[in-house]
Amino acid sequence: MDFELTPEQIDIQRAAKEFAEKEIKPICDEYYKKERKYPFDTIKKAAKEGYIAAFIPEEYGGAGVGIFADNLIKEEVTKVDPGFSFALITHIGVEAILQHGTDEQKERYLPAVARGEEIWSYALTEPQGGSDVGGIMTSAREEGDYYVLNGTKTFITNAPIADHVVVIARTSPERYKGLSQIIVDAKDKGVAVNRLDILPGYTLNGTGEIGFNDVTVPKENLLGELNKGFYHAMDWLDWSRTWVGSWCLGIAEGAFNLAYNYANQRELFGEKIFNFQSLSYQLASLAAKIEAVKLLMYKASMMADRGIPNPKIRSMGKMLAAELAEEVASFAFTIYGGYAATTDYPVYRFWHAAKICQITEGTPQIHRELIGKRLSTF
Ligand SMILES: Cc1cc2nc3c(=O)[nH]c(=O)nc-3n(C[C@H](O)[C@H](O)[C@H](O)COP(=O)(O)OP(=O)(O)OC[C@H]3O[C@@H](n4cnc5c(N)ncnc54)[C@H](O)[C@@H]3O)c2cc1C
């Protein structure tokens, strides 16, 4: 078993870290206070360096580094700022094109995403319950050469700025065998987006509700097979949970860095607060947990990269990384004392992101359900 990254992966990791330190860190604090909108300029710069959807194969204009190295980029950028890092995830749903798209769909859609010119969303969640994918009610009625979509999706990342949305919609009454995956142009007649007011530390992407009112979509926009949408969505989650898990890991590491640095800088009772054992022991425990979760997440990403299906490992990785992110961010918040409660210090952004990462791509309860159903002896 080899625990070393390859020289190429180390280069990618180092370059992503340098990019985040140079292009994001200096503007971050002010950006959240004054701009609080999608950072298109940073996206353009990131796309130029090949950091947007770096997994897209070179034949479609991407960097072609694979899932594992793409997740390394996400982890490094997240350490600097979770919100900017998530804003670089303009490719939500594009994974499904690589998984189940036709050659024509790949050629048509992937190059613009790789260039940072298009933003995508993946719309599963509906107001009546996100955890129950089989209960999706948004309908796609067949009419000649078209599907006609009606329904509402909510909490959709990138919705206010998306060019395309991959929608999971009902094409037949059967609970699991009646859903399909369909690409919708966000500018189509009948698509209405309502931006939701999300926690300020996680606000750059824009999260929204999307209404579909008699939206007419050509049948060629079916992504994968008719009525296999539930299973295609599970495939998509199997991949997306690796990048969300990497994001969670980056939140844990970034929050740890804040706590560690602050503890070594703040002096009380005549010495650095790091010297108080009750505090350094807690940091020691968190550092050990980060190392353990990192191994699990790297295993999950590596398996996804090699095309090895293993939803149990992906669920374990995402669940533990999210719970650790919350634990570390909460600790960092405490270490900063009263300053944590101000927006002058970045720690609140890590804390907000750590709360949100519990919910996206499956709550901790849902992951325990998924893992529980797949348990066996060691
Ligand atoms: C910032 C943000 C961005 C998001 N982005 C997207 C996106 O891009 N696309 C998308 O489709 N969705 C997105 N979501 C939605 C997210 O995936 C859902 O919020 C999540 O799946 C939970 O669904 P829900 O909010 O309807 O909660 P519910 O499903 O109503 O769950 C409520 C509670 O019940 C618990 N619960 C549910 N079922 C069980 C069970 N069987 N056993 C035990 N407990 C259970 C849950 O864990 C939760 O605590 C986003 C959410 C947020 C907050």
Side-chain angles (χ1 to χ4, degrees), residues 36 38 78 82-96 119-138 149 151-170 175-176 179 181-184 186 193-212 223 229-230 232-241 243-245 247-248 251 314-315 318-319 322-323 325-326 349-374:
R36 293 188 60 191
Y38 200 70
T78 308
F84 265 89
S85 172
F86 219 93
L88 297 195
I89 305 179
T90 56
H91 56 72
I92 307 179
V94 164
E95 303 83 353
I119 295 169
W120 283 61
S121 291
Y122 196 84
L124 270 170
T125 305
E126 299 189 349
Q128 75 278 2
S131 304
D132 181 10
V133 176
I136 279 176
M137 285 159 50
T138 294
L149 271 73
T152 306
K153 298 286 181 180
T154 194
F155 298 124
I156 306 306
T157 304
N158 292 343
I161 37 145
D163 297 286
H164 288 93
V165 185
V166 177
V167 180
I168 300 293
R170 186 155 296 288
R175 187 170 158 78
Y176 297 111
L179 297 173
Q181 201 170 234
I182 297 169
I183 299 171
V184 177
V193 176
N194 172 32
R195 188 187 173 109
L196 299 170
D197 198 8
I198 294 289
L199 289 175
Y202 176 87
T203 190
L204 303 186
N205 289 69
T207 306
E209 193 175 75
I210 310 180
F212 301 93
L223 182 50
F230 176 84
H232 293 340
M234 294 304 122
D235 290 343
W236 178 77
L237 285 166
D238 221 20
W239 180 339
S240 67
R241 280 172 180 152
W243 52 251
V244 168
W247 185 60
C248 299
I251 296 170
R314 318 271 217 271
S315 270
K318 192 273 163 175
M319 177 185 82
E323 289 179 350
E326 188 174 9
R349 298 200 294 268
F350 283 83
W351 194 57
H352 285 180
K355 291 308 289 182
I356 281 170
C357 80
Q358 308 301 306
I359 309 297
T360 54
E361 256 68 11
T363 63
Q365 290 82 6
I366 289 301
H367 284 296
R368 283 183 170 79
E369 278 282 309
L370 293 171
I371 296 163
K373 286 186 181 129
R374 293 170 172 81

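The first residue in the sequence is number 1, and the count goes up from there. Just follow the structure's listing: the first ligand is 1, and inside any ligand the first atom is 1.
- In this structure, M234 places its CE atom where more than 12 heavy-atom neighbours from other residues, nucleotides or ligands lie under 6.0 Å away.
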Side-chain donor-acceptor pairs under 3.5 Å in residues 85-92, sequence neighbours left out?
residue: S85; atom: OG; partner: T78; partner atom: OG1; Å: 2.7
residue: H91; atom: ND1; partner: E95; partner atom: OE2; Å: 2.8
residue: H91; atom: NE2; partner: K74; partner atom: NZ; Å: 3.0

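- Side-chain rings of Y202 and W247 approach one another, their centers coming within less than 6.0 Å.
- By the 4.5 Å heavy-atom criterion applied to side chains, I136 and K153 are counted as neighbours.
- A pairwise comparison of heavy atoms in K318 and H367 identifies CD-NE2, 3.5 Å as the closest pair.
- Annotation for I168 and Q181: closest pair CD1-CG, 3.7 Å, computed over non-hydrogen atoms.
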Considering only N or O atoms, set out every pair between ligand 1 and the protein closer than 3.5 Å, with distances to one decimal place.
residue: ligand 1; atom: 5 (N); partner: F155; partner atom: O; Å: 2.7
residue: ligand 1; atom: 5 (N); partner: T157; partner atom: OG1; Å: 2.7
residue: ligand 1; atom: 8 (O); partner: T157; partner atom: N; Å: 3.0
residue: ligand 1; atom: 8 (O); partner: T157; partner atom: OG1; Å: 3.3
residue: ligand 1; atom: 9 (N); partner: Y122; partner atom: O; Å: 2.8
residue: ligand 1; atom: 11 (O); partner: L124; partner atom: N; Å: 2.8
residue: ligand 1; atom: 11 (O); partner: T125; partner atom: N; Å: 2.9
residue: ligand 1; atom: 11 (O); partner: T125; partner atom: OG1; Å: 3.1
residue: ligand 1; atom: 12 (N); partner: T125; partner atom: OG1; Å: 2.6
residue: ligand 1; atom: 14 (N); partner: F155; partner atom: O; Å: 3.1
residue: ligand 1; atom: 23 (O); partner: G130; partner atom: N; Å: 3.4
residue: ligand 1; atom: 26 (O); partner: G130; partner atom: N; Å: 2.7
residue: ligand 1; atom: 29 (O); partner: G130; partner atom: N; Å: 3.4
residue: ligand 1; atom: 29 (O); partner: S131; partner atom: N; Å: 2.9
residue: ligand 1; atom: 29 (O); partner: S131; partner atom: OG; Å: 2.6
residue: ligand 1; atom: 47 (O); partner: T363; partner atom: OG1; Å: 2.6
residue: ligand 1; atom: 47 (O); partner: Q365; partner atom: OE1; Å: 2.8

